[in-house]
Amino acid sequence: MRRLLVLLVLGAAAPAGAEPRFAPVSGPVADHVYTGGWEHFVGGGVSVLDCNADARPDLVLAGGENPARLMVNGGDMAFAPRALPGPDGALTGVTGAYPVDLDADGTLDLFVMRAGPNVALRGRGDCRFEVATGALGLPDGGTAWTTAFTAWWAPGAARPTLAVGNYVDRADPDGPFGTCDANAILTPTPGGWRARDLTPGHCPLSMLAAHDARGRMTLRLSNDRHYYIRDGAEQLWDIAEQRFLGPEDGYDPPMLWGMGIAARDLNGDGRDEVMLTSMGDQNLRLAREGGYVTAPYAMGTTAHRPHTGEDGRPSTGWHAQFGDVDNDGRADLFIAKGNVDQMPGMAMQDPNSLLMQSPDGTFEEASVAAGVASPSRSRGAALADLDGDGRLDLVVVNRRAAAELYRNVTPETGNWLAVRLRQPGGNARAVGARVRVAGADWSEEQEVSIGGGHAGDVAGPLHFGLGDVAAVEITVTWPDGTVTRDAPEGVNRRVTLRR
């Protein structure tokens, strides 16, 4: 077992030398609440994007029965709330939103998921958005209850292909158990998008299109066993071959109460490990040649029970995201946790987890010392550098409780680099590209993707902690397979690489 853990580590930058610390920030973000009945037991996402090109990331917070809100970043962690337009006034019924350039104009739009017709908000610059679902020719899903989303660009396509995940079919009189709705693949056409069902549907709460352990672009669906009950599991759909993978492909899917997806290459082999959150154990899937194996318990990633208090019932994991919180060159992991509502078999006091990666590849709980062990019913979250100091800050959306905004104040963090890609054409942000940053005896690789998490995503530069590494080479494998290499001057800054 110990040998397996050591093999996970390719080589690591020097440790930062300090435990993580976060300071709560008051203001409009902390005044926001995600509310609603059973249709908003799930959802509650937060997305990060720079909607006015000022290099300060802005936030979009789902509201459920409350209106969704845009929080415009004024600098120094000060955010100004702004209403988002809806088809009939206030934008309500929102479970989450994902930033994506739908119309290939270079400005990020928002695909807004709802319990009811979905909405496309076209970005007009300066953090202005307009309802453009019909104008873009985007199917809105009708009365479906949308809870998952991802997007990718087919080779040569100007606009993205979209995957939309729908939860329980609310119109089925035999529901809710065993009545998962059909999912949809939306393929771009000259006049908009053409929708076709992706079945069987097993009630996904997260989707991610990215390279899998085989190195192929694959759609991953994390499904909620609470409603599919039997004859279902996690799903992988080969994008090029347009088919679900099965035992003949060496794929043995786990059956989970799936909530969220996070992906990161943890051992430098160019294949992403995948964290699947769930009720009970959080399941980390280690990428191997052609497939996946479940991480050993000793790796410390299960986060299966509350780590504080006296409630010994199992945890419920929602949003998960890898990020190097202390910039030591090793990706850490945040998991938002909280009871669905009043499920008696699961922990009611279920603090969030911040799992810090150690040099040997194991993870240790640090949320209490870091100040982010909130016991609220957390849902969506985001790690992003909101104040531009090179440290990843944190925002968390809670069900029926105030959202939380934290500034990363960890002392003596390591070096860092934020890498942004740009290329000609509709896929201007190079979704599907792989970026490897390498220094002496250390390297790390990340993919540019849209999707994953739980009901929200970060659209921004890829953040790399470097530890003591002060000179790096960046290798980019662009979506068409072209490889470029750059050696930027200096670190602790943002760099933009252009085709």
Side-chain angles (χ1 to χ4, degrees), residues 10 13 48-58 99-101 104-108 123 151-160 209-211 215 217 263-265 268-272 322-324 327 329 331 383-386 388-392 414-440 442-452 457-467 469-499:
L10 176 70
V48 180
L49 74 162
D50 181 1
C51 56
N52 55 7
D54 65 356
R56 292 194 293 258
D58 310 293
V100 54
D101 187 358
D105 67 351
T107 299
L108 284 173
W152 65 92
W153 269 257
R159 289 177 292 123
H211 289 89
M217 284 294 292
R264 188 74 165 244
D265 179 9
D269 67 354
R271 294 188 290 258
D272 285 350
F322 289 102
D324 193 343
N327 289 336
L383 286 167
D385 183 5
L386 300 175
D389 68 353
R391 293 176 291 192
L392 294 176
N415 294 327
W416 59 277
L417 198 69
V419 181
R420 183 177 69 162
L421 302 184
R422 291 292 183 269
Q423 66 174 4
N427 185 12
R429 287 167 174 77
V431 173
R434 303 271 310 176
V435 179
R436 179 175 287 270
V437 176
W442 171 87
S443 68
E444 190 176 61
E445 185 168 318
Q446 297 185 52
E447 181 162 339
V448 181
S449 62
I450 299 171
D457 194 12
V458 176
L462 299 176
H463 179 91
F464 291 85
L466 305 178
V469 172
V472 300
E473 181 180 77
I474 304 174
T475 302
V476 180
T477 304
W478 297 87
D480 67 356
T482 301
V483 177
T484 61
R485 292 178 175 84
D486 292 89
E489 294 184 5
V491 294
N492 298 324
R493 64 190 186 93
R494 297 175 61 165
V495 299
T496 298
L497 304 181
R498 301 182 184 275
R499 285 285 297 272

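When reading the values below, keep in mind they use all heavy atoms of this one structure, side chains included, and skip hydrogens, waters and symmetry mates.
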Cut-off 3.5 Å, no hydrogens considered: what does the side-chain donor-acceptor table look like for residues 427-435, sequence neighbours left out?
{"residue": "Asn427", "atom": "OD1", "partner": "Ala430", "partner atom": "N", "Å": "3.3"}
{"residue": "Asn427", "atom": "OD1", "partner": "Val431", "partner atom": "N", "Å": "2.9"}
{"residue": "Asn427", "atom": "ND2", "partner": "Val431", "partner atom": "O", "Å": "3.1"}
{"residue": "Arg429", "atom": "NH1", "partner": "Gly106", "partner atom": "O", "Å": "3.3"}
{"residue": "Arg429", "atom": "NH2", "partner": "Gly106", "partner atom": "O", "Å": "3.4"}
{"residue": "Arg434", "atom": "NE", "partner": "Glu445", "partner atom": "OE2", "Å": "2.7"}
{"residue": "Arg434", "atom": "NH1", "partner": "Asp272", "partner atom": "OD1", "Å": "3.4"}
{"residue": "Arg434", "atom": "NH1", "partner": "Asp272", "partner atom": "OD2", "Å": "3.1"}
{"residue": "Arg434", "atom": "NH1", "partner": "Glu447", "partner atom": "OE1", "Å": "2.8"}
{"residue": "Arg434", "atom": "NH2", "partner": "Gly270", "partner atom": "O", "Å": "3.2"}
{"residue": "Arg434", "atom": "NH2", "partner": "Asp272", "partner atom": "OD1", "Å": "3.1"}
{"residue": "Arg434", "atom": "NH2", "partner": "Glu445", "partner atom": "OE2", "Å": "3.1"}

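Between Val100 and Leu108 there is no side-chain heavy-atom pair separated by less than 4.5 Å. Residues Thr475 and Arg485 have side chains in contact (heavy-atom distance under 4.5 Å, counting atoms from C-beta outward). In this structure, Trp478 and Leu421 have side chains that are in contact, with non-hydrogen atoms separated by less than 4.5 Å. For the pair Leu417/Ile474, a side-chain contact is recorded, criterion being any heavy-atom separation below 4.5 Å from C-beta on.
Applying the side chain to side chain donor-acceptor pair (under 3.5 Å) criterion to Asp480, with sequence neighbours excluded, gives Thr482, Arg499. Contacts of Ala384 classified as side chain to side chain contact (heavy atoms under 4.5 Å, CB included), with partners at least two apart in sequence or in another chain: Val48, Leu386, Val458. Judged as a side chain to side chain donor-acceptor pair (under 3.5 Å), and not counting sequence neighbours, the contacts of Arg271 are Asp269, Glu289. With sequence neighbours excluded, the residues satisfying side chain to side chain donor-acceptor pair (under 3.5 Å) with Arg56 are Asp54. Partners of Arg498 by side chain to side chain donor-acceptor pair (under 3.5 Å), not counting sequence neighbours: none found.
Side-chain N or O atoms of Asp324 include none that pairs as donor or acceptor with a backbone N or O of Phe464 at under 3.5 Å. A donor-acceptor pair is defined here as one N or O able to donate and one able to accept, closer than 3.5 Å; such a pair exists between the side chain of Asp389 and the backbone of Arg391. The backbone N or O of Trp416 sits less than 3.5 Å from a side-chain atom of Asn492, completing a donor-acceptor pair. In this structure, the side chain of Arg436 does not engage the main chain of Thr477 through any donor-acceptor pair within 3.5 Å.
Atom-to-atom distance recorded for Asn327:CG and Asn415:CG is 8.0 Å, nearest 0.5 angstrom. Atom CH2 of Trp152 sits about 13.0 Å away from atom NE2 of His211, to the nearest 0.5 Å. Interatomic distance, Gln446 CD to Asp265 CG, rounded to the nearest 0.5 Å: 9.5 Å.
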Note to self: What verdict does the side chain to side chain contact (heavy atoms under 4.5 Å, CB included) test give for Val469 and Val491, after you've listed the backbone C-alpha separation in whole Å, the side-chain angles of each residue and the deciding distance to 0.1 Å?
What the structure shows: CA-CA 9 Å; Val469 172; Val491 294; 5.9 Å; no
Notebook entry, point to check: Given Leu497 and Thr484, is the side chain to side chain contact (heavy atoms under 4.5 Å, CB included) satisfied, shown in steps?
Noted result: CA-CA 10 Å; Leu497 304 181; Thr484 61; 5.9 Å; no
Next item on the list: For side chain to side chain contact (heavy atoms under 4.5 Å, CB included), just list the numbers for Asp58 and Asp50, CA-CA rounded to whole Å, side-chain angles, deciding distance to a tenth of an Å, and then say yes or no.
Entry: CA-CA 5 Å; Asp58 310 293; Asp50 181 1; 3.8 Å; yes
Checklist line | Test side chain to side chain contact (heavy atoms under 4.5 Å, CB included) applied to Trp442 and Leu466, step by step | finding: CA-CA 9 Å; Trp442 171 87; Leu466 305 178; 3.5 Å; yes
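Pairing each heavy atom of Pro488 with each of Arg493, the nearest pair is CB-NH2, 3.5 Å. The two residues Ala104 and Gly426 make their nearest non-hydrogen contact at CB-CA, 3.7 Å. Shown here for Glu444 and Gly329, the closest heavy-atom pair between the two residues is OE2-O, 4.0 Å.
The only option from Val448, Val495, Thr496 that meets the side chain to side chain contact (heavy atoms under 4.5 Å, CB included) definition with Val419 turns out to be Val495.
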